[in-house]
Structures are given as structure tokens and as C-alpha cells.
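Note that this is a predicted model, so its numbers are computed, not measured. Heads up: numbering here begins at 1 and tracks the sequence. Side chains included, hydrogens not; waters and symmetry mates left out as well; all remaining heavy atoms used.
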Amino acid sequence: MKKTLVAIAALATFGTTFAQSSVTLYGRIDAAIGSQKTTVGGATTVDAGAQVLAGSHTGNRWGMKGSEDLGGGLKANFVLESGFSVDTGSSAQGGSLFGRQAWVGLSGGFGALQVGRQYTVIDNMWTAHDAFALSSYSAANYAFNKGGYADSSRQNNSVYYTTPSYGGFKAGALWAPGENKAAGVSAGRMLGLEASYANGPVSVGGAYESIKVTGATPATTAWELGATYNLGVAKLFGQIEGSNTKSTNSKDDGYQIGAQIPLGAPSLWVSYARENNKLAGTKVSTASAYALMAQYPLSKQTYVYAAYLNGEIDPVGAAAATKNRNFGLGLVHNF
């Protein structure tokens, strides 16, 4: 009888623990039929014709996320997220198993602390203030990454802290040691700071990051300021950004404006972005793009889309301009 009571108590304890923990399997699959064409000086250099495209609009992924209630308002959390190509089944992010995200952390009244591979603060703000959420057809994604500085999107070996929300205000900091210290040369590092405020239809935010490949290399710095405003009939997006790559004396500055317009069940997204690249104080090129997308929901989890990106890189002087024309007709399913 005593053994039976002990067994029942153990099962009850296990059931309570299980009820306080949760693990969710989730994912997104994006497949499209489309085309990608590149011309340089009017001559076609890339045109494969009709293609089956993976992640044409938004990255394919599957992942696991979980949370355990530790009591007293404290929780343990994790995310493991893997990218892949639905057209071939191959892994994305260089073949890393959890190349999109891989972190574990704690959250509570103090905010949240996470350790692992995570999104950079610049990427967070570019995404929050871009009408296309920095997806593949994003005009900002095209223009902002064509200068001397291209954001890495994710940072390995990082520690990321975010405060609780105080009346709509939040702040965060990301630090990552380079882990590449050598004799006579200190290790590199990354430092990122972000802050945002949201109240009703308005949200504003900004970020700053500094990256050193090694202690002997001058830091590369980048910043962003942006806002969104929901009018009801449309949600407006805007941002400005810039960077300074001291090792090459290259500076970038740019902006993006856009809108998401609900049209009953379907919606229309529009965006324009432009960035100037300077070398040693002299302008060397301008990258610009506009993008259009129409979405139609088939359910809460599935939608179809048609998207078009028109991008151009114009060097100063006699060098030929590069033009990109990308189109896709696709299906996205979330699970």
C-alpha cells in the first residue's frame, strides 16, 4: 500500500511539472514560382527563366520553442530554429542545424536574458520598421545591404538582455565576445543597444551596434531610427539608417518608406528604399528599390501572394548600372 501511495505521489508531481512546462513545434513553408533577372549596362547577365523558388517571400523554417514556470514569476525559455530550402530539402544558413536561432534564457520581473545565436539589434529594428519585415522582396533588404556595410542578421555566442515594458518603453543590449584572442592581439567583439516605445497606433525605436573583428581592427558602427503608425486604413512605415566601416573608410546612409494597406480580406504592401555609399568622403554608388506585394489569406495559417521587386545599383561615373527584377507567385503555410 505504501509503495502504491509513493507511486501515485510521484505521478502527481510529474503531472504538475509537465503542466507548468510547454514545448511547441512550429514552422513556415514558402514555395513560389517566379523569375529573377539581372542586367548590367542593359545586357542580361542572369536569367534562368521560370524557377521554383524556396523562401521567395519569407524564409522557410521549422523550430521548437519552450517555456518552464520556475515559480515566483521566473521562467526558463528556449528557441531552436532551423532554416531549409523547400525546393531541394537542403539546410540553409550554411548548413547549420539551428542556423536561424539557438538560445536559452530566463525571463521574469527583471526582463529577459538570453544566451546563444540571436538576431542583432539592427536587424530587429530594420525588421520592425520595414513594411516587408525585411523579407526577400523587401526594398530595404535590397538597398541597405548593397553598400559598404551589410548587417549579419544574427550573432553567434551572444548575450542579449531586454528590460520589461515600462509604460510602452523597452530597451535592450546585446554583447558577444569574438572568442578569437591570439598572442599580442585582443579578441573582437560585438556590442548592440536598442530602445523602443509603443503606445496605441504609434511605435518608434532605434538601435546602435559596434563590431570589431579583432582588437587590432577599427570598429564598424551602424545605427537606425524608425517609426510606424497605424491609421486603420493603412499602416505606415519609415526609417533612416547609416553605417561607418572605418577599416575601408566607407560610409552608408539611407532610408525606407512603405505601407501595408488592408483591402478587406486581401492586403497590399508597398515600399521604397534608397542608400548612398561613400568611400573616403566621395559618393561611389546609390542603391535603390521599390517593391509591391499582394496577399490573400486562404485561412488563418495559409496565404497566397504575388510580389515584385525592382532594384538598381548606380555607380558614380562611367561604370554600368546593375538592375534586378524579381517576381514570385507563391504560397505560405504556417504551422
Side-chain angles (χ1 to χ4, degrees), residues 26 28 30 32 55-59 61 119-145 151 153 162 165-172 194-207 222-242 253-275 287-311 326-334:
Y26 68 94
R28 178 178 298 167
D30 177 349
S56 177
H57 161 46
T58 180
R61 71 203 66 174
Y119 288 103
T120 66
V121 296
I122 290 290
D123 189 86
N124 287 340
M125 289 299 164
W126 277 5
T127 301
H129 302 133
D130 177 17
F132 281 66
L134 216 63
S135 55
S136 296
Y137 285 100
S138 162
N141 194 12
Y142 179 91
F144 292 175
N145 285 307
D151 182 63
S153 298
T162 53
S165 177
Y166 297 104
F169 175 81
K170 292 183 68 175
E194 65 179 3
S196 62
Y197 174 76
N199 185 7
V202 179
S203 70
V204 295
W223 60 271
E224 188 271 0
L225 291 171
T228 68
Y229 190 87
N230 194 337
L231 297 170
V233 295
K235 185 175 182 179
L236 307 180
F237 297 77
Q239 61 182 307
I240 57 175
E241 56 80 43
D253 62 84
Y255 67 89
Q256 179 267 153
I257 54 174
Q260 295 177 351
I261 307 168
L263 302 171
S267 62
L268 177 66
W269 296 10
V270 296
S271 179
Y272 176 80
R274 184 180 181 90
E275 179 165 278
S288 61
Y290 67 84
L292 304 170
M293 174 180 286
Q295 292 188 8
Y296 186 85
L298 301 178
S299 71
K300 290 183 178 180
Q301 296 173 269
T302 305
Y303 64 88
V304 291
Y305 67 86
Y308 176 72
L309 171 72
N310 185 311
N326 299 342
F327 171 77
L329 181 63
L331 171 71
V332 174
H333 175 69
N334 298 288

Participant: So which heavy atom on G328 is nearest to which on S56, and how close?
Facilitator: CA-OG, 4.4 Å

Participant: Should the heavy atoms of other residues, nucleotides or ligands under 6.0 Å from OH of Y26 be counted, would the total exceed 12?
Facilitator: yes

Participant: Nearest 0.5 angstrom please: I240 CD1 to E224 CD, how far?
Facilitator: 8.0 Å

Participant: For residues 256-264, tabulate all N or O donor-acceptor pairs below 3.5 Å that involve a side-chain atom, not counting sequence neighbours.
Facilitator:
unit_1 : atom_1 : unit_2 : atom_2 : d
Q256   : OE1    : S271   : OG     : 3.1
Q256   : NE2    : H129   : O      : 2.9
Q260   : NE2    : A131   : O      : 2.8

Participant: Which value, rounded to the nearest 0.5 Å, describes the distance between H333 atom NE2 and L298 atom CG?
Facilitator: 11.0 Å

Participant: Would you say that more than 12 heavy atoms from the other residues, nucleotides or ligands in this model lie under 6.0 Å from the OH of Y308, or not?
Facilitator: yes

Participant: Please report the shortest heavy-atom distance between F144 and A273, naming the atom on each side.
Facilitator: CE2-CB, 4.5 Å

Participant: Kindly give the heavy-atom pair with the smallest separation between Y303 and P297, and that separation in Å.
Facilitator: CB-CA, 3.8 Å

Participant: In the structure I gave you, are the side-chain heavy atoms of L292 and Y137 within less than 4.5 Å of one another anywhere?
Facilitator: no

Participant: Would T228 and S203 count as a side-chain hydrogen bond (donor to acceptor under 3.5 Å, both in side chains) here? Give the steps.
Facilitator: CA-CA 5 Å; T228 68; S203 70; 2.5 Å; yes

Participant: If I take atom NZ from residue K170 and atom OG from residue S196, how far apart are they, to the nearest 0.5 angstrom?
Facilitator: 6.5 Å

Participant: Within this structure, what is the CH2-OH distance for the pair W126 and Y119, rounded to the nearest 0.5 Å?
Facilitator: 14.5 Å

Participant: For the residue pair T58 and D30, what are the closest heavy atoms and their distance?
Facilitator: N-OD2, 2.8 Å

Participant: For a quick test of reading the model, state the closest non-hydrogen atom pair linking S153 to D123 and the distance between them.
Facilitator: OG-OD1, 3.5 Å

Participant: Mark yes or no for whether T302, through its side chain, and S299, through its backbone, hold a donor-acceptor pair below 3.5 Å.
Facilitator: no

Participant: First locate atom OG of S135, then atom OH of Y305, and finally report the distance between them rounded to the nearest 0.5 Å.
Facilitator: 9.0 Å

Participant: Taking only residues two or more places apart in sequence, or in another chain, which ones meet A207 in a side-chain contact (heavy atoms from CB on, under 4.5 Å)?
Facilitator: V121, I122, M125, E194

Participant: Which atom pair, heavy atoms only, marks the closest approach of S138 to D130?
Facilitator: OG-OD2, 2.6 Å

Participant: Checking the side chain of Q301 only, and the main-chain atoms of N334 only, is there a donor and an acceptor separated by less than 3.5 Å?
Facilitator: yes

Participant: For Y142, run the side chain to side chain contact (heavy atoms under 4.5 Å, CB included) check against L309, N310, N326 and tell me which one passes.
Facilitator: L309

Participant: Can you tell me how far CG of L225 sits from CD of Q239, rounded to the nearest 0.5 angstrom?
Facilitator: 9.5 Å

